Amino acid sequence: MQELDYLKIGERIRQSRKAKGWSQETLAKKCGISLNFMGKIERGKRKMSMDTFASLCTELEADADALLWGVVQPSDGVVQNMWKHPIKKDSDSYAMYIRIMKSVADILNEV
């Protein structure tokens, strides 16, 4: 399994926050954490709880995969269409379908 890079996660959180035009203090208040802790998260110096991470995702309106891995998820329409018919094994939809299924299997194996 891929290891988390907290420095990159912090950078992505900072980019998302700045894109909203918010200060660290604003985001920290929205998430119920201290300004000091917010700064350490953005610098990759501290790990956060799942609750804090979920709060950051919610407040920033950011996808968890985007913050964790820098992976932008396809739109819902693409995913819904993919589930209807992964017809050709060489299609992009089929490849995405296989990646999703492998990810789900990995998650279930960890539980």
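Index from 1, following the sequence. Just the heavy atoms: all of them, side chains too, but no hydrogens, waters or symmetry mates, feed the values below. What you see is a predicted model, and the numbers here were worked out from it, not measured in a lab.
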Legend entry - Between Thr52 and Ser55: side-chain donor-acceptor atoms closer than 3.5 Å: no
Legend entry - Partners meeting side chain to side chain donor-acceptor pair (under 3.5 Å) with Lys20 (sequence neighbours left out): Glu61
Inset, instruction - Go through the structure and list residues passing side chain to side chain contact (heavy atoms under 4.5 Å, CB included) with Ala64, not counting sequence neighbours. - result: Phe53, Cys57
Legend entry - Any residue meeting side chain to side chain contact (heavy atoms under 4.5 Å, CB included) with Lys18, in chain and number order, not counting sequence neighbours: Arg14
Inset, instruction - Look up atom OG in Ser34 and atom CD in Glu25, then write down how far apart they are to the nearest 0.5 Å. - result: 11.0 Å
Inset, instruction - State which residues pass side chain to side chain donor-acceptor pair (under 3.5 Å) with Ser103; sequence neighbours excluded, sorted by chain then number. - result: none
Legend entry - Residues in side chain to side chain contact (heavy atoms under 4.5 Å, CB included) contact with Gln15, at least two apart in sequence or another chain: Arg12
Inset, instruction - Please say whether the positively charged group of Lys29, taken as NZ for Lys or CZ for Arg, lies over the ring of Trp22, i.e. under 6.0 angstrom from the six-membered ring centre and within 45 degrees of the axis. - result: no
Inset, instruction - Could you tell me whether the side chain of Ile33 reaches within less than 4.5 Å of the side chain of Ile41, counting heavy atoms only? - result: yes
Inset, instruction - Could you pull out all residues at least two apart from Leu4 that satisfy side chain to side chain contact (heavy atoms under 4.5 Å, CB included)? - result: Tyr6, Ile9, Leu68, Trp69
Inset, instruction - Indicate yes or no: at least one non-hydrogen side-chain atom of Ile13 is less than 4.5 angstrom from one of Met38. - result: yes
Legend entry - Cluster link Leu67 to Met50, ILVMFWY, side chain under 4.5 Å: no
Inset, instruction - Taking only Lys NZ, Arg NE, NH1 and NH2, and the carboxylate oxygens of Asp or Glu, determine whether Arg17 and Glu59 approach each other closer than 4.0 Å. - result: no
Legend entry - Shortest non-hydrogen contact between Leu56 and Cys31, atoms and distance: CD2-SG, 3.6 Å
Legend entry - Inter-residue atom distance Glu42.CD - Gln24.CD, 0.5 Å rounding: 4.0 Å
